[in-house]
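Scope of the values below: all heavy atoms of this structure, side chains included, with no hydrogens, waters or symmetry mates. Fair warning: this is a prediction, and the values are worked out from it, not measured in the lab.
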Amino acid sequence: MAIYFNGIVLNSFIVLYCLIALVMKLKFKKSYTYLFCFTVMYIYICNVINLTQFPIYIDDDQRKAFGGQNVWRDMNLIPLKHGFSMTSFYNILMTIPLGFGFPFIIKVSLKKVMYIGLVAGLLFEMGQLLTALYAGYTFRFVDVDDVIFNFLGTLIGYLILFKLFKGIVESFITKFSLKSNSMINHIRNT
């Protein structure tokens, strides 16, 4: 049996999004601009979950086909043991939007972004580990390097892209004497 990020799984994420968006709009009176930013981040996170966690294979035939790899034996807990590879680059690239997008939905500091990057990387790897333990084999390898490169990607997204974006927005506001709305004020105060 294979579980993909479609059908009931995807529908569950859609229902969860609708409930969260409804609560944000009705109870917390969030603006449509905020809900748009939240929606973009939610779609991004769903895509990352799909990329890092799915498909999940749970059956004896698949276990035999994949060789029933030992989850613990194939795990890498030594930082940078394999150096830098395209997988490392992809792990950085995958989490750059996290560092860039989070300041649009919550007020963050460098410390918070570092925490978010670390927790996100750990959650991705823990999800892979739990899936492998449940299925009894893995075709994804739990690797501490992935956590490191996810963390680095989040920092790059925040320190380079978001701060650059923030500087450009502030320059336009100053240059053209624009009035700022609540979202721009949120960006300026982050």
Side-chain angles (χ1 to χ4, degrees), residues 5 13 16-17 19-21 23-25 27-54 76-130 140-174 178 180-190:
F5 194 81
F13 275 86
L16 179 64
Y17 164 78
L19 292 173
I20 292 170
V23 167
M24 285 182 176
K25 185 64 182 163
K27 183 175 182 179
F28 296 107
K29 309 289 186 221
K30 296 294 185 179
S31 68
Y32 288 112
T33 306
Y34 177 88
L35 290 175
F36 174 76
C37 293
F38 175 79
T39 302
V40 169
M41 283 302 294
Y42 193 84
I43 292 169
Y44 159 74
I45 289 170
C46 286
N47 279 299
V48 170
I49 289 170
N50 182 26
L51 183 66
T52 61
Q53 308 301 317
F54 290 90
N76 175 34
L77 298 177
I78 301 169
L80 306 175
K81 176 181 177 182
H82 303 293
F84 191 85
S85 65
M86 282 308 290
T87 303
S88 308
F89 175 73
Y90 293 144
N91 274 293
I92 292 171
L93 196 60
M94 178 180 72
T95 51
I96 287 174
L98 184 65
F100 176 74
F102 242 87
F104 288 96
I105 57 175
I106 64 170
K107 186 171 177 153
V108 296
S109 62
L110 178 59
K111 186 176 179 180
K112 254 190 202 176
V113 169
M114 290 172 67
Y115 179 74
I116 289 167
L118 180 62
V119 168
L122 288 170
L123 286 174
F124 299 150
E125 294 305 303
M126 290 301 294
Q128 291 175 357
L129 175 63
L130 293 174
R140 299 179 192 268
F141 298 99
V142 177
D143 192 342
V144 71
D145 292 349
D146 293 352
V147 175
I148 293 168
F149 293 123
N150 291 159
F151 175 79
L152 185 60
T154 305
L155 285 180
I156 289 170
Y158 178 71
L159 292 174
I160 297 174
L161 294 180
F162 180 74
K163 291 295 187 178
L164 178 65
F165 176 79
K166 181 180 173 181
I168 291 170
V169 167
E170 288 178 347
S171 295
F172 273 100
I173 290 170
T174 304
L178 300 174
S180 56
N181 66 18
S182 62
M183 182 55 76
I184 292 175
N185 286 332
H186 174 74
I187 292 169
R188 292 174 98 182
N189 294 329
T190 299

Does any N or O in the side chain of N50 come within less than 3.5 Å of the main-chain N or O of C46, such that one atom is a donor and the other an acceptor?
no
What is the distance from atom CG of L152 to atom CG of N91, rounded to the nearest 0.5 Å?
10.5 Å
From OG1 (T39) to CE (M24), nearest 0.5 Å:
8.5 Å
Of all heavy-atom pairs between I105 and C37, which one has the smallest distance, and what is that distance?
CG2-C, 3.8 Å
Rounded to the nearest 0.5 Å, the CG atom of L80 sits from the CG atom of D145 at a distance of 5.0 Å
Ignoring hydrogens, what is the shortest heavy-atom contact between S88 and G83? Give both atom names and the distance.
OG-O, 3.8 Å
Within the 4.5 Å heavy-atom criterion, are F141 and N76 side-chain neighbours or not?
no
Quick one: does any side-chain atom of K25 pair with a main-chain N or O of K30 as donor and acceptor, under 3.5 Å?
yes
To the nearest 0.5 Å, how far apart are CD1 in I168 and CD1 in I173?
12.0 Å
Run the ring-centre check on Y158 versus F102 and record whether the distance is less than 6.0 Å.
no
Is it the case that the ring center of F100 lies less than 6.0 angstrom away from the ring center of Y44?
no
Intermediate values then yes/no, side-chain contact (heavy atoms from CB on, under 4.5 Å), V48 and Q53
CA-CA 8 Å; V48 170; Q53 308 301 317; over 6 Å; no
Hey, what do you get for CG (L35) to CD1 (I20), rounding to the nearest 0.5 Å?
11.5 Å
Paired with F104, the ring-ring contact (aromatic ring centres under 6.0 Å, His included) test is passed by just one of F162, F36, Y34, namely F162
Please tabulate, for side-chain N and O atoms in residues 110-128, each donor-acceptor pair with protein atoms closer than 3.5 Å (sequence neighbours left out).
residue	atom	partner	partner atom	Å
K112	NZ	K107	O	3.0
E125	OE1	D143	N	3.0
Q128	NE2	T52	O	3.0

Is I45 close to F13 at the side-chain level, that is, under 4.5 Å between some pair of heavy atoms?
no
Could you check whether Y90 and F149 have their ring centres less than 6.0 Å apart?
no
Once you round to the nearest 0.5 Å, how far does CG of L93 lie from CG of N150?
11.0 Å
